[in-house]
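Taking it in order: structure first as structure tokens, then the write-up.
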Amino acid sequence: MYESMTLAQIGGLYRASAEPLRKRLKELRAALKTAEDPEEIWRLKRRIAELTPMLTECNALAALCERYYERGYYRDEKYTL
């Protein structure tokens, strides 16, 4: 059966999920600086464009989950009902 988790724990999981994305984006940006082939440059930029929103979303959801019950925390309207 599933173990119940707190929102803070779920937020930690989002933070952990963001780390490989952050690392991969760093690698892609480094490769982009040295790339000379236009096809390679296009491919790297496209991959960066695909991963960046994923990282942003992981960070936003981590912050929301970790701070959900804090009094006065402004919640992004995107995640409210």
Side-chain angles (χ1 to χ4, degrees):
M1 216 14 94
Y2 293 102
E3 222 178 281
S4 63
M5 297 179 72
T6 66
L7 284 175
Q9 291 169 326
I10 293 170
L13 293 176
Y14 277 114
R15 291 254 178 246
S17 296
E19 193 53 41
L21 290 170
R22 191 174 291 108
K23 182 180 177 185
R24 183 64 180 142
L25 280 166
K26 186 177 180 180
E27 292 169 355
L28 290 170
R29 289 180 181 125
L32 184 60
K33 288 179 182 179
T34 61
E36 295 179 10
D37 178 33
E39 180 69 25
E40 179 72 8
I41 291 170
W42 178 84
R43 193 175 61 75
L44 290 167
K45 284 183 178 181
R46 180 179 167 146
R47 191 64 182 145
I48 289 169
E50 292 170 347
L51 292 178
T52 300
M54 291 176 167
L55 178 60
T56 302
E57 194 80 9
C58 278
N59 289 332
L61 289 169
L64 176 68
C65 290
E66 291 168 348
R67 302 183 65 201
Y68 188 81
Y69 292 109
E70 287 180 18
R71 182 174 261 160
Y73 173 63
Y74 174 77
R75 291 173 187 85
D76 189 339
E77 293 171 3
K78 179 178 178 181
Y79 302 110
T80 58
L81 299 173

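A quick note: this is a predicted structure, and the numbers were derived from the prediction, not measured.
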* Sequence neighbours excluded, which residues qualify as side-chain hydrogen bond (donor to acceptor under 3.5 Å, both in side chains) partners of E50? -> R46, R47
* Could you give all pairs that pass the salt bridge (Lys or Arg N to Asp or Glu O under 4.0 Å) test and reach residues 8-17, with sequence neighbours left out? -> R15-E66
* To do: Please name all residues satisfying side-chain hydrogen bond (donor to acceptor under 3.5 Å, both in side chains) with R22, sequence neighbours left out, ordered by chain then number.
  => E19, N59
* To do: List the atom of A16, the atom of P20, and the distance in Å for their closest heavy-atom pair.
  => O-CD, 3.1 Å
* **Residue pairs fulfilling side-chain hydrogen bond (donor to acceptor under 3.5 Å, both in side chains) with at least one residue in residues 29-40, sequence neighbours excluded** => E40-R43
* Using side chain to side chain contact (heavy atoms under 4.5 Å, CB included) as the criterion, list what pairs up with L32, not counting sequence neighbours. => I41, L44, K45, I48
* ILVMFWY cluster, M54 and L28 together (side-chain gap under 4.5 Å) -> yes
* Asked: For the atom pair CG (L64) and CD (E57), what is the distance rounded to the nearest 0.5 Å?
  -> 10.0 Å
* Asked: So, for C58 and Y14, which heavy atoms are closest and what is the spacing to 0.1 Å?
  -> O-CB, 3.7 Å
* Hey, could you give me the CG/CD1 distance between L61 and I10, rounded to the nearest 0.5 Å? => 10.5 Å
* Asked: Which residues, ordered by chain and number, are linked to W42 in its hydrophobic cluster, where ILVMFWY side chains connect at heavy-atom gaps below 4.5 Å, directly or through other members?
  -> none
